[in-house]
Amino acid sequence: DTEVTQTPKHLVMGMTNKKSLKCEQHMGHRAMYWYKQKAKKPPELMFVYSYEKLSINESVPSRFSPECPNSSLLNLHLHALQPEDSALYLCASSPTPAKDSWNSPLHFGNGTRLTVT
Amino acid sequence: KNQVEQSPQSLIILEGKNCTLQCNYTVSPFSNLRWYKQDTGRGPVSLTIMTFSENTKSNGRYTATLDADTKQSSLHITASQLSDSASYICVVSKGDNDMRFGAGTRLTVKP
């Protein structure tokens, strides 16, 4: 089983709901990532946290709000989503700070399958 | 145009057979290339990493090759098993946290 844990596994929400996705790792990794993956497509980078500071925001709409409360936890707060936001949301971590992560593998969680109705 | 192109898009083989997946890239500068395996409904898992100076690397029944001159990599799977059915994603790093993902090859192994 993956060492990156994501909850919930599945989430169905309406366009007016507010929900949060959670990600946890206890490997001591200092870089954490959010990716969005549509069916039969590769993961697309959304956000990168390095030492609990947001280092990359890939022009993601403000209805997605990331939060990194500590080095082990990463949240993604969702509000006023659209049906096209339905996707698999993957969390990943890597051992070293993001800017030096080129030589470290990404450790992915199994994702949260999000459906927006 | 995607800077990482994978072929074929999908592949069906019989259990026990070998197969080779291809990854061509135009990413520059080049830092390393990784192959990930993604089972349906799960996150990708790293199989191998290839750096500029490496030509071949094995991980069990998986063997990856890299030709940095032609910017091509391949993933060879030997004696396929039903559990090899998955998407295989090629990821090329530029060395500054800029990782480019290929669209993946969907492999189905049939009994």
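Just so we're on the same page: letters track the sequence lines, and every chain starts at 1.
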(request) Please report the closest heavy-atom contact between Leu90(A) and Gly43(B), naming both atoms and the distance. (result) CD2-CA, 3.8 Å

(message) Restricting to non-hydrogen atoms, name the atom on Gly102(B) and the atom on Pro42(A) that form the minimum distance, rounded to 0.1 Å.
(response) O-CB, 3.0 Å

(message) Rounded to the nearest 0.5 Å, what separates atom CZ in Arg42(B) from atom CZ in Phe108(A)?
(response) 14.0 Å

(request) I would like to know whether Gln9(B) and Lys40(A) meet side-chain contact (heavy atoms from CB on, under 4.5 Å); could you show each step before the answer? (result) CA-CA 10 Å; Gln9(B) 280 190 325; Lys40(A) 299 183 181 180; over 6 Å; no

(message) Please identify, among Ala92(A), Cys91(A), Gly111(A), Pro43(A), the residue contributing the most non-hydrogen atom pairs under 4.5 Å to chain B.
(response) Pro43(A)

(request) Tell me, yes or no, whether the heavy-atom count around Lys19(A) atom NZ, taken from other residues, nucleotides or ligands under 6.0 Å, exceeds 12. (result) no

(request) Check the surroundings of atom CE in Met15(A): do more than 12 heavy atoms from other residues, nucleotides or ligands lie under 6.0 Å from it? (result) no

(message) Counting only non-hydrogen atoms closer than 4.5 Å, does Gln37(A) touch chain B with its backbone (N, CA, C, O), its side chain (CB onward), both, or neither?
(response) side chain

(request) Could you list all the side chain to side chain donor-acceptor pair (under 3.5 Å) pairs where at least one residue sits in residues 75-88 of chain A, not counting sequence neighbours? (result) Ser20(A)-His77(A), Arg63(A)-Asp85(A), Glu67(A)-Asn75(A), Glu67(A)-His77(A)

(message) Are Leu106(A) and Met99(B) packed together at the side-chain level, in the sense that at least one heavy-atom pair is separated by less than 4.5 angstrom?
(response) yes

(message) Is there a side-chain contact (heavy atoms from CB on, under 4.5 Å) between Leu45(A) and Phe101(B)? Walk through the geometry before answering.
(response) CA-CA 10 Å; Leu45(A) 183 65; Phe101(B) 284 68; over 6 Å; no

(message) Under the rule for side-chain contact (heavy atoms from CB on, under 4.5 Å), what residues qualify as partners of Thr20(B), not counting sequence neighbours?
(response) Gln22(B), Ser74(B), His76(B)

